[in-house]
Structure formats: structure tokens, C-alpha cells
Protein chains: 2
Amino acid sequence: MNKEIDDKLKLKNIKPTAMRQLVLEVLLQHKTAISLPELEQKFEKADKSTLYRTLKTFQEKQLIHAVEDGTGSLRYAVCDDFCTCEPKDLHVHFLCIKCNKTYCLHDIPVPEIELPEGFTFENANFVIKGICKKCNF
Amino acid sequence: MNKEIDDKLKLKNIKPTAMRQLVLEVLLQHKTAISLPELEQKFEKADKSTLYRTLKTFQEKQLIHAVEDGTGSLRYAVCDDFCTCEPKDLHVHFLCIKCNKTYCLHDIPVPEIELPEGFTFENANFVIKGICKKCNF
DNA sequence: AAATGTTGTGCAATCGGGTTGCAAAGTCAA
DNA sequence: TTGACTTTGCAACCCGATTGCACAACATTT
């Protein structure tokens with residue numbers, strides 16, 4: 001099997017079943033974040049709930065992160081190798097309103113915000129909507 | 001009928017039906033953003049699709065704005081009087097993961113982000129999750 | 001290898017938010 | 001009052017997410 005894939009699974013302590021290898025392969029190939037329904041379409045016959053649980057496992061083990069891009073379905077993208085999904089690892093996402101793809105802007109961290117007194121920070125979801133490079137030309 | 005409510009409707013060119021007055025009243029009373037299902041519960045017998053379309057109308061006329069807070073349902077809050085829902089009017093939202101309420105942080109504008117070349121900005125959704133003041137004490 | 005426990009998978013069903021079609025009721029102007 | 005337009009209520013539907021259950025795959029112990 002593909003070395004990179006098995007390495008990534010091992011790195012995050014995920015047992016490398018056939019299903020998981022396939023799913024991770026699709027996730028890695030896909031340049032933009034992908035939703036469960038989209039993932040389903042990539043497979044001829046895989047079961048929805050299996051895919052669902054595979055994504056959940058990946059997410060728990062911090063192999064992937066979820067983006068709430070407001071399209072009505074959560075989208076997932078592979079984390080950087082040493083991401084622990086903590087505040088410092090958070091980045092901005094971009095949803096193209098034309099092609100409906102969601103990009104990870106890995107280089108753009110979510111800006112720190114000074115919250116009102118008494119409010120404490122746990123997590124953040126920052127999605128910018130607009131037109132992506134491809135659709136702009 | 002309540003003067004404030006009718007004024008707000010008139011200001012945004014919305015015909016003041018009984019239903020709309022009631023819905024706006026609830027929205028104004030409610031300190032945090034409210035979802036369609038939550039709104040439904042505030043009424044004994046109002047119809048879901050009527051409420052749905054009322055919210056849509058309010059949103060189109062920029063009386064309210066929607067927040068995608070990742071709870072699975074859109075939440076709505078009344079805009080400031082002269083909000084036109086343009087980038088300059090965007091503010092950060094805060095979702096308390098304990099009481100599940102979504103606050104408008106009116107005073108905290110969504111920070112400007114320098115997008116990668118070729119990407120253009122249209123809109124943004126920035127939700128911070130954590131514990132709110134009430135739940136922290 | 002057989003027996004046992006644990007984990008993963010497939011199928012079917014359910015839940016819940018959002019949305020739509022349609023007909024009846026209400027509004028308004030001529 | 002008539003006719004055009006808008007709003008409302010009801011029922012149905014769509015679709016993403018989630019769960020229960022049984023069986024399969026795998027690992028572990030004897």
C-alpha cells in the first residue's frame with residue numbers, strides 16, 4: 001500500500017484498514033475540503049455511515065479538521081502533520097461562491113480577538129466567501 | 001401596536017403584518033441570535049414555513065442578519081438600524097459551548113484579511129466558540 | 001486451531017433543519 | 001365589488017447527519 005498514507009495513519013495512531021486507506025487517499029488527492037456527501041460520490045459502493053464514522057475517527061485523532069463553511073454540510077480537510085487543532089493551528093478558510101469549493105488558507109492564521117470581559121476562548125471558525133483564483137479568470 | 005417595531009419595519013420597507021410584528025418583537029426581546037426552530041417554540045401555533053419566510057424577508061430587507069454558528073441551524077439577529085450588511089458592517093459572533101447561545105459582538109468588526117492573489121472578498125463569517133460571561137461564573 | 005473479545009463495516013431507519021407547492025385568506029386599489 | 005397581488009397555513013419533501021443492530025474482520029488467549 002501507499003507509504004505516505006500508512007505513515008500518516010500510524011503517526012496519528014489510527015489502525016490502517018482498507019477503508020481508511022482509501023478515504024485518506026481521496027482526502028489527500030482532493031485539493032479543497034470535502035463533505036461527507038461529496039466523499040460518498042467518490043466511491044462506487046461505500047456505505048455512508050462507514051464513511052461518516054471514518055471521518056469522525058480521523059477528526060478525533062486529529063488527522064483531519066472540519067470547516068463549517070455554511071454550505072449546509074461540514075467539510076473536512078487533512079491537517080498538517082503536526083497540527084493538534086489547537087488555537088495556534090487554526091487557519092482561515094475560503095469558500096468560493098462560484099465553484100463552491102472550500103480552500104484551506106494554511107498560511108493565514110485566524111486573528112486573535114480580544115473578547116469582552118468574562119468570555120473565554122476555545123475555538124474559532126473563520127470563513128471568508130468570495131471568488132477564488134480559478135473563477136476570477 | 002408597538003411604535004419601535006413598526007418604525008423598524010417601515011425603515012426597511014417591510015409591510016407590517018401582524019405576524020411580522022410578532023416575530024420582530026421576539027427577535028428584539030431575545031438578547032442572542034435565534035434559529036428558526038427556536039423561534040417556532042416561542043409561538044404556540046405559528047406555522048414553520050410562515051416563520052421561515054418571514055425571516056427570509058427580514059433578511060432580504062436587511063432587518064436581520066444570519067450567523068452560521070455551526071450548531072446545525074442558522075441563527076438570526078436584528079441588525080443595527082443603519083446596517084446594510086456590507087463588509088464594513090460585519091462583526092464577530094460568539095457561540096457559548098455551554099449554554100449554546102450565540103452573541104453578536106457588535107463592537108468587534110471582522111478583521112480584514114489579505115487574501116492570496118486572485119482571490120476576491122465578498123463576505124465573511126467569523127464565529128468564536130468558548131464560554132460566555134454568564135457560564136463562566 | 002478453537003474460543004473469546006474487540007473493532008470495523010454495511011444496511012436500514014430515524015431525526016431535524018430547511019425548503020417548496022398549493023390553496024385559502026387577507027390586503028389594497030380601482 | 002371586483003380583480004390583482006401578497007401573505008399565511010398545511011402538507012409534503014429534500015438532504016445531511018446520526019444511530020441501532022447484526023455480521024464480518026481482526027487480534028488475543030488458551
Side-chain angles (χ1 to χ4, degrees), chain A residues 1 5-6 9-10 12-26 33-61 63-77 95 100-102 125 127, chain B residues 1 5-6 9-10 12-26 33-61 63-77 95 100-102 125 127:
Chain A
M1 240 302 174
I5 296 198
D6 281 3
L9 289 173
K10 182 172 276 180
K12 303 281 181 165
N13 283 310
I14 301 168
K15 221 187 287 176
T17 68
M19 197 69 237
R20 289 171 181 170
Q21 289 167 332
L22 289 173
V23 171
L24 181 50
E25 193 178 356
V26 170
I34 192 172
S35 67
L36 175 55
E38 286 163 349
L39 185 60
E40 248 184 293
Q41 292 175 358
K42 298 270 174 188
F43 293 91
E44 277 302 311
K45 66 173 285 296
D47 177 66
K48 187 170 55 152
S49 54
T50 302
L51 296 175
Y52 170 73
R53 287 187 269 233
T54 302
L55 290 175
K56 280 287 172 220
T57 309
F58 284 4
Q59 199 184 356
E60 277 160 22
K61 302 290 184 130
L63 175 57
I64 63 177
H65 61 276
V67 196
E68 294 150 5
D69 62 8
T71 54
S73 51
L74 274 174
R75 281 197 168 138
Y76 302 88
L95 169 66
N100 194 37
K101 290 196 162 84
T102 296
N125 188 64
V127 177
Chain B
M1 243 299 173
I5 295 195
D6 282 2
L9 289 173
K10 182 173 276 179
K12 304 281 181 163
N13 283 310
I14 301 168
K15 221 187 286 177
T17 68
M19 197 69 237
R20 289 171 180 170
Q21 290 167 331
L22 288 173
V23 170
L24 181 51
E25 193 178 356
V26 171
I34 192 172
S35 68
L36 175 54
E38 286 163 349
L39 186 59
E40 248 185 293
Q41 292 174 358
K42 297 271 174 188
F43 292 91
E44 277 302 311
K45 67 172 285 298
D47 177 68
K48 185 170 58 152
S49 55
T50 303
L51 295 175
Y52 170 73
R53 287 187 270 234
T54 302
L55 290 175
K56 281 285 172 222
T57 310
F58 284 3
Q59 198 183 357
E60 276 159 25
K61 302 290 182 132
L63 174 58
I64 63 178
H65 60 277
V67 196
E68 294 149 7
D69 63 7
T71 55
S73 51
L74 276 174
R75 283 201 167 134
Y76 302 87
L95 169 64
N100 195 36
K101 290 195 161 85
T102 296
N125 188 63
V127 177

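Keep in mind that the numbers below use all heavy atoms, side chains included, and drop hydrogens, waters and symmetry copies. Chain naming here is simple, since letters A, B, ... match the order of the sequence lines and numbering starts at 1 in each.
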Which whole-number value in Å describes the distance from A:L51 CG to D:dT19 C1'?
16 Å

Rounded to the nearest Å, what distance is computed from the CD atom of residue A:Q21 to the P atom of nucleotide D:dC26?
11 Å

Tell me: CG of A:L55 to C1' of C:dT9, nearest whole Å?
14 Å

Side chain of A:S49 only, please: which of D:dT8, D:dT19, C:dT19 is the nearest?
D:dT19

A:R53 has its side chain closest, among D:dG20, C:dT20, C:dA13, to D:dG20

Say whether, by atom type as modelled, one donor and one acceptor occur between the side chain of B:K101 and the main chain of B:A33 under 3.5 angstrom.
no

Exam field: side chain B:R20 to backbone B:K15, donor-acceptor pair closer than 3.5 Å:
yes

Listed nucleotide nearest any side-chain atom of A:L36, set C:dC11, D:dA17, D:dG9:
D:dA17

Can you check the B:I14 CD1 to D:dT8 P distance for me, whole Å?
12 Å

Figure out the CD1/C1' separation between A:I34 and D:dA17, and round it to whole Å.
16 Å

Where do A:L22 and A:E25 land on the side-chain contact (heavy atoms from CB on, under 4.5 Å) test, with the steps shown first?
CA-CA 5 Å; A:L22 289 173; A:E25 193 178 356; 4.1 Å; yes

For A:M19 and B:Y76, find the nucleotide of DNA chain C closest to each by heavy atoms; which residue's nucleotide sits nearer the 5' end?
A:M19

B:T50 or A:R75, whichever maps to the more 5' nucleotide of DNA chain D
B:T50

Under the criterion salt bridge (Lys or Arg N to Asp or Glu O under 4.0 Å), I'd like the reasoning laid out for A:E68 against A:R75: C-alpha separation, chi angles, the key distance, then a yes or no.
CA-CA 7 Å; A:E68 294 150 5; A:R75 281 197 168 138; over 6 Å; no

So which nucleotide from C:dT7, C:dG10, D:dA11 ends up closest to the side chain of A:K15?
C:dT7

Whole angstroms only, please: what is the CD-P distance between A:E68 and D:dG16?
17 Å

Taken to the nearest whole Å, CG/A:D47 to C1'/C:dG10 is 5 Å

State whether the distance check finds a donor on one side and an acceptor on the other, under 3.5 Å, for side chain B:K48 versus base D:dG9.
no

Output yes when at least one side-chain N/O atom of B:T17 is less than 4.0 Å from OP1 or OP2 of C:dT27, else no.
no

Could you work out which one of C:dG17, C:dT9, D:dT8 sits closest to the side chain of B:P37?
C:dG17

Any idea which of C:dT19, C:dG18, C:dA13 is nearest the B:L74 side chain?
C:dG18

So A:F58 and A:L9, do their side chains get closer than 4.5 Å, heavy atoms only?
yes

To the nearest Å, give me how far apart OH (A:Y52) and P (C:dA13) are.
19 Å

Could you check which of C:dG18, D:dG9, C:dA12 has an atom nearest any side-chain atom of B:S73?
C:dG18

